[in-house]
Amino acid sequence: MAKLTKLDDIVSLCKRRGFIFQSSEIYGGLASCYDYGPLGVELKNNVKKAWWKSVVQMRDDVVGLDCSILMHPMVWKSSGHADKFADLIAECKKCNTRTRVDHLKDKEDNNIENASGQDLTNKVCPSCGTIGQFTEPMPFKLMFETQMGANIDDSMTIHLRPETAQGIFANFRNVLDSTRVKVPFGIAQIGKSFRNEVTTKAFIFRTREFEQAELEFFCEPGTDDQWYEHWKEARCKWYTDLGMKKENLRFRDHDPDELAHYAKGCVDVEYKFPFGSGDWQELEGIANRTDYDLRQHQRGMRTLNKWYENDRDLSKISLIDESEDYNKGPLSYFDEQKKERYIPYVIEPSAGMDRSTLAFLVDAYDEEEVRGETRNLLRFHPALAPTKVAIFPLVKKDGMPEIARKIYDNLKKYFNCFYDQKGAVGRRYRRQDEAGTPFCVTVDGQTNEDNTVTVRNRDSMEQTRINADNVLSYMREKLDM
RNA sequence: GCGGGCGUAGCUCAGUGGUAGAGCGUCACGUUGCCAACGUGAAUGUCGUGAGUUCGAAUCUCAUCGCCCGCUCCA
């Protein structure tokens with residue numbers, strides 16, 4: 001079975017069928033930015049809907065949220081992004097390799113402790129081994145900056161969020177106070193995030209503007225391991241339930257040295273993308289973030305005045321130490337049954353919606369030989385298919401278009417449908433195959449006699465006759481919608 | 001940011017200094033009674049962009065933008 005083997009094939013398919021276009025293409029494109037076309041926006045919306053249904057709608061213990069992208073600067077001080085997203089990078093003058101200054105190691109035989117981290121004279125280039133031949137360290141701003149306020153004198157530099165998670169932590173108290181939730185419970189959100197990645201990569205796989213679906217699941221310390229396992233399983237099942245092939249999915253546990261300093265554990269759900277090297281690439285990360293974030297925000301809340309006093313300059317301040325009774329702080333939770341307060345632990349499944357959309361697209365792609373011709377099709381799960389049903393008159397006469405149109409007008413109230421009366425019906429079928437439409441309904445000569453129509457299945461190409469009045473109920477059952 | 005490759009119609013590509021091309025797709029008309037049928041016709045090009053060399057540039061040179069592969073980076 002010939003499949004998409006190169007990224008170029010995927011890009012070409014995406015453009016040809018209107019899934020994904022390069023942003024600002026008429027102006028030569030803007031690096032790392034992509035637009036979703038008519039089929040793409042339906043597909044991606046369906047992926048997001050499926051996530052929301054699984055993570056929020058179908059659960060009694062998760063509520064939703066939609067935070068603003070712009071947040072108070074202190075959010076990023078507390079989260080650590082303001083400091084860590086401003087790394088210094090130095091370039092080796094010899095081989096032009098850029099390395100983060102804090103990753104540079106001292107020359108080994110130099111026993112003298114080098115007090116200054118900024119002194120690069122004894123640092124070794126990890127690429128070519130040259131010592132001390134670096135450019136001045138240059139700051140990398142990994143967060144997007146923007147100005148809030150039209151009046152330049154009064155405007156404030158703020159950041160576009162680099163992750164949706166912090167908006168959830170910042171609203172932890174609000175949700176607790178307004179929704180009667182009890183630990184264990186989760187808060188879910190889907191939304192755009194922005195990161196000035198040093199290198200973008202592979203089509204929409206790593207872009208600077210991207211969409212995340214994140215869940216912060218709050219649980220009692222001590223139960224975190226079991227919830228971690230629970231979400232690992234639940235999230236993996238989500239992909240396979242939506243038709244993604246098991247052999248293209250795997251878990252990869254992070255090595256201890258790869259873990260963020262606050263994380264107790266982290267596992268990636270990876271998909272075997274057909275990129276050049278055929279590498280496994282991350283779709284989603286599931287992390288045990290412990291009580292780090294809520295505790296950090298408690299410190300941040302206590303630091304607010306210091307920020308005002310220091311000209312609202314994040315670089316001039318550091319977070320105030322944690323209070324001894326932090327467990328009873330403003331972001332703590334009171335357990336009614338145990339009559340005790342604690343800071344909940346957090347399990348965070350964080351999925352990339354653009355990556356998932358691409359993976360579902362690639363995974364659904366298929367080519368098969370039918371009567372010496374190649375049939376291209378996208379075997380989307382019905383929940384993900386951009387169009388659910390296409391309705392055709394077999395030919396454009398004998399009242400068939402009118403009947404087909406009537407069926408279409410009724411069905412489109414319930415799901416995305418497509419009407420087409422042009423050209424040979426075989427071509428229309430194949431066209432829908434390429435868009436991944438699960439069913440085609442065709443009105444033919446017999447419809448006038450006994451009010452039946454044919455339903456053609458995308459995957460098997462088989463046809464069934466059903467009564468025209470039952471099309472809606474038939475589709476609802478088959479599509480499970 | 002480094003190294004390599006690439007950029008011509010919606011897509012795949014041919015065209016290496018002398019009139020801008022093919023296949024597929026798209027559209028129209030006719031035909032067509034179930035799987036990319038057939039006939040006729042049509043539309044679609046800043047040859048990525050900008051400069052330069054030249055009588056003349058898709059073609060040569062430089063710059064720039066974008067994409068792919070490999071480094072580097074990925075809190």
Do A/F19 and A/Y36 have ring centroids that are under 6.0 Å from one another?
no
Check this for me: does the side-chain of A/D444 come within 3.5 Å of the base of B/C34 through a donor and an acceptor?
yes
Within residues 465-473 of chain A, the residues having a heavy atom closer than 4.0 Å to RNA chain B are none
Here the distance between atom P of B/C74 and atom CG of A/N196, to the nearest Å, is 15 Å
Testing B/C34, B/U32, B/C73 for proximity to the side chain of A/K397, the answer is B/U32
The Watson-Crick or G-U wobble partner of B/C55, with both key distances under 3.5 Å, is B/G18
**Asked** Just checking A/T442: base, sugar-phosphate only, or nothing, at a heavy-atom cut-off of under 4.0 Å?
**Response** base
| Using atom P of each nucleotide, how far apart are B/C11 and B/C68 to the nearest Å? | 15 Å
Taking the six-membered ring of A/F251, is the NZ or CZ of A/K232 close enough (under 6.0 Å from the centre) and on axis enough (within 45°)? yes
With sequence neighbours left out, the residues meeting salt bridge (Lys or Arg N to Asp or Glu O under 4.0 Å) with A/E348 are A/R289
Of the candidates B/C74, B/C34, B/G66, the side chain of A/T454 sits closest to B/C34
Whole-Å distance, A/F273 CZ to B/C68 C1', equals 16 Å
Given the options A/R458, A/R456, A/R428, A/D433 meets salt bridge (Lys or Arg N to Asp or Glu O under 4.0 Å) only with A/R456
task = With C1' as the reference atom in both, quote the distance from B/G10 to B/C47 in angstrom, rounded to an integer.
result = 16 Å
Output one line per pair: protein atom, nucleotide atom from nucleotides 45-50 of chain B, and distance, for all N/O pairs under 3.5 Å.
| residue | atom | partner | partner atom | Å |
| --- | --- | --- | --- | --- |
| B/U46 | O4 | A/I26 | O | 3.1 |

Of B/A28, B/C73, B/C68, the nucleotide closest to the side chain of A/Y34 is B/C68
Paired to B/C38 by Watson-Crick or G-U wobble criteria (both distances under 3.5 Å) is B/G30
**Prompt:** Distance between the P atoms of B/G5 and B/C60, in whole angstroms?
**Reply:** 14 Å
Taking atom C1' in both B/U8 and B/G70, compute the distance separating them and give it to the nearest angstrom.
27 Å
Any strand, both distances under 3.5 Å, Watson-Crick or G-U wobble: B/C62 pairs with B/G50
Residue set satisfying ring pair (Phe, Tyr, Trp, His ring centres under 6.0 Å) with A/F210, at least two apart, ordered chain then number -> none
Taking a pair to mean Watson-Crick or G-U wobble geometry with both distances below 3.5 Å, B/U44 pairs with none
_If I pick the P atom on B/G45 and the same atom on B/C38, what distance separates them, to the nearest angstrom?_
27 Å
Check your understanding: What about the rings of A/F360 and A/F380, do their centers lie closer together than 6.0 Å?
Key -> no
Between CG of A/D420 and C1' of B/G25 the distance, given in whole Å, is 15 Å
Give a yes or no on whether the backbone of A/T447 and the side-chain of A/N451 come within a donor-acceptor separation of less than 3.5 Å.
-> no
B/A51 to B/C13 separation - P atoms, rounded to the nearest Å: 29 Å
Per nearest nucleotide of RNA chain B, the residue lying toward the 5' end, A/D8 or A/Q446, is A/Q446
To the nearest angstrom, the CZ-P distance between A/F203 and B/C69 comes to 12 Å
Separation of B/G7 atom C1' from A/L7 atom CG, nearest Å, is 16 Å
In short, salt bridge (charged side-chain N to carboxylate O under 4.0 Å, His left out) pairs touching residues 418-427 of chain A with sequence neighbours left out are A/D420-A/R431
Per atom distances to the A/R206 side chain, the nearest of B/G10, B/C73, B/C68 is B/C73
Between the protein and nucleotides 35-39 of chain B, which nitrogen or oxygen pairs come in under 3.5 angstrom?
| residue | atom | partner | partner atom | Å |
| --- | --- | --- | --- | --- |
| B/C35 | O2' | A/R430 | NH2 | 2.6 |
| B/C35 | O2 | A/R430 | NE | 3.4 |
| B/C35 | O2 | A/R456 | NH2 | 3.1 |
| B/C35 | N3 | A/R456 | NE | 2.9 |
| B/C35 | N3 | A/R456 | NH2 | 3.2 |
| B/C35 | N4 | A/R456 | NE | 3.2 |
| B/C35 | N4 | A/M461 | O | 2.6 |
| B/A36 | N7 | A/T374 | O | 3.2 |
| B/A37 | OP1 | A/R427 | NH2 | 3.0 |

message: Students often get this wrong, so: under 4.0 angstrom with heavy atoms, is A/S32 touching a base, only sugar-phosphate, or nothing?
response: sugar-phosphate
- Message: Contact between A/I286 and A/Y228 at the side-chain level, heavy atoms closer than 4.5 Å - yes or no?
- Response: yes
Next item on the list: Mind telling me whether A/F172 and A/F218 have parallel, tilted or perpendicular rings, with 30° and 60° as the class edges?
Entry: tilted
Taking the C1' atom in each of B/A14 and B/C29, what is the distance between them to the nearest angstrom? 32 Å
*Output yes when a side-chain donor or acceptor of A/Q298 lies under 3.5 Å from a complementary backbone atom of A/Y326, and no otherwise.*
yes
Exercise. For the residue pair A/Y271 and A/F273, is the inter-centroid distance of their aromatic rings smaller than 6.0 Å?
Worked result: yes
For B/A57 and B/U49, measure between their P atoms and round to the nearest Å. 15 Å
Pairing partner of B/C71, by Watson-Crick or G-U wobble and under 3.5 Å for both distances, is B/G1
Can a cation-pi geometry be assigned to A/R235 and A/W231, taking NZ or CZ under 6.0 Å from the six-membered ring centre and within 45° of the ring axis?
no
In whole angstroms, the gap separating C1' of B/G66 from NZ of A/K15 amounts to 12 Å
Of B/G66, B/C11, B/C68, the nucleotide closest to the side chain of A/Q22 is B/G66
Across every strand shown, the nucleotide meeting Watson-Crick or G-U wobble geometry with B/G10 (both distances under 3.5 Å) is B/C24
To the nearest angstrom, the NZ-C1' distance between A/K422 and B/G30 comes to 16 Å
Rounded to whole Å, the CZ-C1' distance (A/R458 to B/C34) equals 19 Å
Q) Relative to A/F194, does A/R161 satisfy both conditions: NZ or CZ under 6.0 angstrom from the six-membered ring centre, and within 45 degrees of the ring's axis? A) no
